[in-house]
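Here's the structure we're looking at; comments come further down.
Note that the numbering runs from 1 along the sequence shown for the chain. Values below: every heavy atom of this structure, side chains too, minus hydrogens, waters and symmetry copies. These numbers come from a predicted model, not from an experiment.
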Amino acid sequence: DTIIFYLDRLFSQPMDVQVKKFLVSVLTYQYETSSFMGEDAVFVWLANKFYNTGFADWMSKEDLAKIRTKSEGLATELIGNPAKNFPFDTKDGDRILLSEVESPITILYFWSSECGHCRLETPKLKALYDEYKDKGVQVIAITLELELDNWNKFIDEYHLDWINGFESDYDRPNFQWFYYIPSTPKKLILDADKNIIAKNLDIETTMRTFLDDYLAEKVKWLKIPIKKSARKALFLWLTTYHFVPDEEQFDLAELWLQQLFLLLVTALVFSASTGAESSADATAVLFESLQQDFSDLAISATAVSVEAVFS
């Protein structure tokens with residue numbers, strides 16, 4: 001949300017159309033291919049704002065269709081969203097809803113026993129499940145297969161004693177109506193209310209760390225605060241200019257520095273791709289807005305020194 005907020009602010013400023021197109025293209029690629037969990041939300045925002053509205057006139061119809069399909073699919077499964085409810089058949093012969101599975105944490109796992117990567121990942125997930133199932137972790141493993149002989153054999157061979165599901169009739173509402181699954185395996189972690197709290201974590205490393213932190217109530221969703229050391233450095237930086245901020249002013253300074261970070265990233269992107277002149281033009285747009293915000297703190301010396309960096 002923070003990145004989207006600042007990007008929206010950046011793109012709302014007057015900007016040369018070619019510079020804007022270049023920036024849209026670079027940022028779209030960055031966030032479409034990002035390995036950081038949750039940054040797919042930025043890609044979805046960029047797609048909805050620029051690609052699904054006709055702005056991206058340099059794209060072919062085929063490529064635009066691919067971006068629309070991907071962004072619409074990802075939009076339903078962004079972190080913080082409720083997981084889409086769907087019915088599925090179980091290996092035990094029942095047909096149940098995702099919402100009917102009660103568990104403090106649910107790992108929703110889309111896979112196929114015929115997928116080579118799944119055959120490597122699924123035993124790892126089984127080992128994690130065995131370790132965490134008594135701590136409140138459930139796994140719902142939904143196969144994409146139509147023929148189930150190999151699926152049944154794999155379940156029996158690896159003793160997959162979690163909830164194993166499939167779809168027996170794809171003409172009726174099913175998981176593929178609601179989830180974007182271009183490849184397998186796909187992993188979503190849901191909380192007790194079936195909200196998506198994490199996705200596509202590495203089973204042996206980041207997923208384990210995430211579960212430990214979540215179960216220890218270390219994971220916070222509303223706000224990720226700046227590290228104390230960084231806040232201390234910011235306070236010392238402000239007092240260097242003989243300015244001791246109150247709480248409200250300190251928060252404003254922190255916000256200003258976050259925006260300045262985006263400004264620096266923009267400068268680096270343009271410096272590497274279009275030369276110093278384009279970089280200066282692009283950063284000047286956002287800097288003018290930032291300087292107005294920072295003037296509320298009455299630290300003109302700092303503003304002047306920052307402006308000198310881009311002169």
Side-chain angles (χ1 to χ4, degrees), residues 35-38 40 70 73-74 76-77 79 83-170 174-192 194-215:
S35 60
F36 292 99
M37 185 176 68
D40 52 351
K70 184 173 184 177
L74 290 175
T76 66
E77 56 188 58
I79 292 176
K84 293 293 185 180
N85 198 21
F86 64 90
F88 60 93
D89 301 296
T90 71
K91 192 175 186 299
D92 298 329
D94 299 320
R95 186 167 179 83
I96 63 175
L97 289 166
L98 171 65
S99 59
E100 293 175 342
V101 178
E102 296 183 357
S103 179
I105 300 177
T106 300
I107 300 175
L108 183 56
Y109 185 65
F110 297 105
W111 73 298
S112 167
S113 66
E114 299 175 349
C115 156
H117 194 47
C118 299
R119 295 181 69 87
L120 294 174
E121 289 289 290
T122 304
K124 298 177 184 177
L125 184 60
K126 165 62 174 170
L128 181 141
Y129 173 68
D130 287 344
E131 182 177 344
Y132 284 86
K133 61 184 178 182
D134 292 336
K135 300 178 182 179
V137 175
Q138 178 60 276
V139 172
I140 301 176
I142 307 293
T143 183
L144 277 65
E145 296 163 85
L146 300 177
E147 298 294 331
L148 301 178
D149 289 344
N150 290 332
W151 177 70
N152 279 304
K153 291 177 182 178
F154 194 95
I155 290 173
D156 293 340
E157 179 180 355
Y158 288 94
H159 308 288
L160 306 182
D161 53 345
W162 51 47
I163 299 175
N164 293 291
F166 65 97
E167 178 52 60
S168 59
D169 183 359
Y170 281 92
N174 63 84
F175 62 92
Q176 290 192 338
W177 289 28
F178 308 112
Y179 292 89
Y180 179 72
I181 313 174
S183 61
T184 53
K186 183 182 184 75
K187 298 156 285 188
L188 301 175
I189 300 181
L190 317 179
D191 66 12
K194 297 298 183 288
N195 296 310
I196 301 171
I197 56 176
K199 60 195 300 184
N200 295 329
L201 297 175
D202 180 76
I203 293 172
E204 293 183 305
T205 56
T206 50
M207 183 179 290
R208 185 178 298 275
T209 300
F210 176 85
L211 291 175
D212 288 339
D213 287 347
Y214 187 84
L215 292 168

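- Counting all heavy atoms, side chain and backbone alike, Lys126 lies closest to His159 at NZ-O, 2.9 Å.
- To the nearest 0.5 Å, atom CZ of residue Phe166 and atom CG of residue Leu144 are 13.5 Å apart.
- Proximity of a side-chain donor or acceptor of Glu145 to a complementary backbone N or O of Ser113 within less than 3.5 Å is detected.
- Shown here for Leu98 and Ala83, the closest heavy-atom pair between the two residues is CD2-CB, 4.2 Å.
- Taking 4.5 Å as the limit, every side-chain heavy atom of Leu125 sits out of range of all side-chain heavy atoms of Lys187.
- Considering all non-hydrogen atoms of both residues, Trp151 and Gly165 come closest at CZ2-O, 3.8 Å.
- Taken from CG in Leu190 to OG in Ser99, the straight-line distance is 11.5 Å, to the nearest 0.5 Å.
- Between Tyr214 and Phe210, the angle of the ring planes stays under 30°, which puts this pair in the parallel group of the 30/60° scheme.
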- Task: Output, in order, the C-alpha distance, side-chain angles, deciding distance and verdict of side chain to side chain contact (heavy atoms under 4.5 Å, CB included) for Leu211 and Leu201.
- Result: CA-CA 10 Å; Leu211 291 175; Leu201 297 175; over 6 Å; no

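- Using a cut-off of 4.0 Å between Lys/Arg side-chain N and Asp/Glu carboxylate O, Lys153 and Asp149 are scored as not salt-bridged.
- Between the side chains of Trp162 and Asn164, a donor-acceptor pair is found at a separation under 3.5 Å.
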- Between Phe86 and Leu108, is a side chain to side chain contact (heavy atoms under 4.5 Å, CB included) present by the stated rule, with each step listed? CA-CA 12 Å; Phe86 64 90; Leu108 183 56; 4.1 Å; yes

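- Using a 4.5 Å cut-off on side-chain heavy atoms (C-beta onward), Asp94 and Asp89 make no contact.
- A heavy-atom distance below 4.5 Å is found between the side chains of Ile189 and Met207.
- Put simply, CD on Glu167 and OG1 on Thr143 are 11.5 Å apart, with the number rounded to the nearest 0.5 Å.
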Anything under 3.5 Å between a donor and an acceptor, one on a side chain of residues 178-185, the other on a protein residue two or more places apart or in another chain? List them.
{"unit_1": "Tyr179", "atom_1": "OH", "unit_2": "Lys84", "atom_2": "N", "d": "2.9"}
{"unit_1": "Tyr179", "atom_1": "OH", "unit_2": "Lys84", "atom_2": "O", "d": "2.6"}

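- The salt bridge (Lys or Arg N to Asp or Glu O under 4.0 Å) test applied to Lys70 returns Glu32, not counting sequence neighbours.
- Asp161 is listed as a side-chain neighbour of Lys133, based on a closest heavy-atom distance under 4.5 Å.
- Interatomic distance, Thr122 OG1 to His117 NE2, rounded to the nearest 0.5 Å: 9.5 Å.
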- What's the verdict on side chain to side chain contact (heavy atoms under 4.5 Å, CB included) for Asp40 and Lys199, showing C-alpha distance, side-chain angles and the deciding distance? CA-CA 11 Å; Asp40 52 351; Lys199 60 195 300 184; 2.7 Å; yes

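- When all heavy atoms of Tyr129 and Val137 are compared, the closest pair comes out as CE1-O, 3.6 Å.
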- Start with the C-alpha distance between Leu148 and Lys91, add both sets of side-chain angles, then the distance that settles side chain to side chain contact (heavy atoms under 4.5 Å, CB included), and finish with yes or no. CA-CA 10 Å; Leu148 301 178; Lys91 192 175 186 299; over 6 Å; no

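- Here the side chains of Trp111 and Glu121 are not in contact, with every heavy-atom distance at 4.5 Å or above.
- A pairwise comparison of heavy atoms in Cys118 and Pro123 identifies O-CD, 4.2 Å as the closest pair.
- If you take CZ on Arg95 and CZ on Phe88, they are separated by 9.0 Å, rounding to the nearest 0.5 Å.
- Taking a 6.0 Å sphere around CD of Glu147, one finds it holds 12 or fewer heavy atoms contributed by other residues, nucleotides or ligands.
- Within 6.0 Å of CD in Glu102 there are 12 or fewer heavy atoms belonging to other residues, nucleotides or ligands.
- A donor-acceptor pair is defined here as one N or O able to donate and one able to accept, closer than 3.5 Å; no such pair exists between the side chain of Lys194 and the backbone of Asn85.
- Checked by atom type and distance alone, the side chain of Arg208 never pairs as donor or acceptor with a backbone atom of Ile203 at under 3.5 Å.
- Across all their heavy atoms, Pro104 and Gly136 have their closest contact at CD-O, 3.3 Å.
- Remark: Asp202 engages no residue in a salt bridge (Lys or Arg N to Asp or Glu O under 4.0 Å) (not counting sequence neighbours).
- Between the OG atom in Ser168 and the CG atom in Asn174 there is a gap of 9.5 Å [rounded to 0.5 Å].
- Counting only heavy atoms from C-beta outward, the side chains of Tyr170 and Trp177 never approach each other to under 4.5 Å.
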